[in-house]
There are 2 protein chains.
Amino acid sequence: MDIDSMDLYCFVKVAYQKSITRTAHHLHLTQPALTSRLQKLEAKLGVQLLLRSSKGIKLTEEGSLFLKHAIRILKELNAIETELNKLQEGYNTIKSNH
Amino acid sequence: MDIDSMDLYCFVKVAYQKSITRTAHHLHLTQPALTSRLQKLEAKLGVQLLLRSSKGIKLTEEGSLFLKHAIRILKELNAIETELNKLQEGYNTIKSNH
DNA sequence: TAAAGTTACGTTGCGCGTAAATATC
DNA sequence: GATATTTACGCGCAACGTAACTTTA
């Protein structure tokens, strides 16, 4: 399937902000780049996640389902970083205790 | 950070098989391609995950920690696919019920 | 016509495979 | 020397940005 964490992050942000334009700014991307990313994510999953209109963005049922999982995965990724950092700090503490 | 699911899958496979060569074959990749992927994963995380030797592969402490999270994320990704498929089947059932 | 999203297109960087190098038993 | 991993290098595709297009309120 090959989904990357940036895909998830982009989708979650768009889901919350309900706007591709605004989210693109926040992520330091252009609108077309973000549009393309979201289209490809939907293609990979084989489902439509977003309902686009000139008013903004709404989630489909599949989108809502995906959102829950995406958030869980992003939390898991954060946990990895945190735990790896702790492990590193542990070593440094040992090193500096001589 | 930008980690993709293929990174996780590669790492988990290598962790279990304890060999880059063998895993590369199973994943239909060449050895250098897999090596490069693993190196970049370690670079992204800023930690060493694997201990390489001519005998094969062992996990570092960080590697073991990462493995647990990686497995959890892959399960979560599987769950997404399963649930999305169920949703689609649901629609088809409704459609065919006329 | 303004503000949202999308399509078209050229460029660049990343991931791959082939080939050569290195290390350890 | 056989078997493991790594480095070097060239190529192709995927992701980006700019610019033009489309839609709807």
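Values in this document were obtained by computation on a predicted structure and should not be read as measured data. Just so we're on the same page: letters track the sequence lines, and every chain starts at 1.
The distance between atom CG of B:Leu50 and atom P of D:dA4, rounded to the nearest whole Å, is 16 Å. We find that CD of A:Gln39 is positioned 15 Å from P of D:dA14, with the value rounded to whole Å. When rounded to the nearest whole Å, the span between CG of A:Leu41 and P of D:dA14 equals 16 Å.
Residues passing the side chain to side chain contact (heavy atoms under 4.5 Å, CB included) test with B:Thr30 are B:Pro32, B:Ala33, sequence neighbours excluded. Residues passing the salt bridge (Lys or Arg N to Asp or Glu O under 4.0 Å) test with A:Glu76 are B:Arg72, sequence neighbours excluded. In this structure A:Gln17 satisfies the side-chain hydrogen bond (donor to acceptor under 3.5 Å, both in side chains) test together with A:His26, sequence neighbours excluded. By the side-chain hydrogen bond (donor to acceptor under 3.5 Å, both in side chains) test, B:Ser5 is found to be paired with no residue, residues two or more places apart in sequence or in another chain being considered. Qualifying side chain to side chain contact (heavy atoms under 4.5 Å, CB included) partners for A:Ser64, counting only residues two or more places apart in sequence or in other chains: A:Leu59.
The salt bridge (Lys or Arg N to Asp or Glu O under 4.0 Å) pairs that include a residue from residues 26-40 of chain B are B:Asp4-B:Arg37, B:Asp7-B:Arg37, where partners are two or more places apart or lie in different chains. Screening residues 48-59 of chain B for salt bridge (Lys or Arg N to Asp or Glu O under 4.0 Å), with sequence neighbours left out, gives B:Glu42-B:Arg52. Applying the salt bridge (Lys or Arg N to Asp or Glu O under 4.0 Å) rule to pairs touching residues 13-22 of chain A yields nothing, sequence neighbours excluded.
Residues A:Leu50 and A:Val14 have side chains in contact (heavy-atom distance under 4.5 Å, counting atoms from C-beta outward).
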Exercise for the section: Step by step, work out the side-chain contact (heavy atoms from CB on, under 4.5 Å) result for A:Glu83 and B:Glu62. Expected result: CA-CA 9 Å; A:Glu83 292 181 26; B:Glu62 289 85 354; over 6 Å; no

Exercise for the section: Given side-chain contact (heavy atoms from CB on, under 4.5 Å), test B:Leu45 with B:Ile3 step by step and report yes or no. Expected result: CA-CA 9 Å; B:Leu45 296 170; B:Ile3 288 175; 3.8 Å; yes

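When only modelled atom types and interatomic distance are considered, A:Gln31 and A:His25 share no side-chain donor-acceptor pair under 3.5 Å.
In this structure, the separation between CZ on A:Phe66 and CD on B:Glu81 is 10.0 Å, given to the nearest 0.5 Å.
Interface residues of residues 6-23 of chain B facing DNA chain D, ordered by number: B:Ser19, B:Ile20, B:Thr21; criterion, heavy-atom separation under 4.0 Å. Proximity of residues 26-34 of chain A to DNA chain C (heavy atom under 4.0 angstrom from any strand atom) is restricted to A:Gln31, A:Pro32.
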Got a list of protein N/O to nucleotides 21-25 of chain D N/O distances below 3.5 Å?
residue, atom, partner, partner atom, Å
D:dT24, O4', A:Ser54, OG, 3.4

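Heavy-atom contacts of chain A under 4.0 Å fall on DNA chain C between two terminal nucleotides, which in 5' to 3' order are C:dA4 to C:dT7.
Phosphate proximity of D:dA4 to B:Arg52: absent, as no side-chain N or O sits under 4.0 Å from OP1 or OP2.
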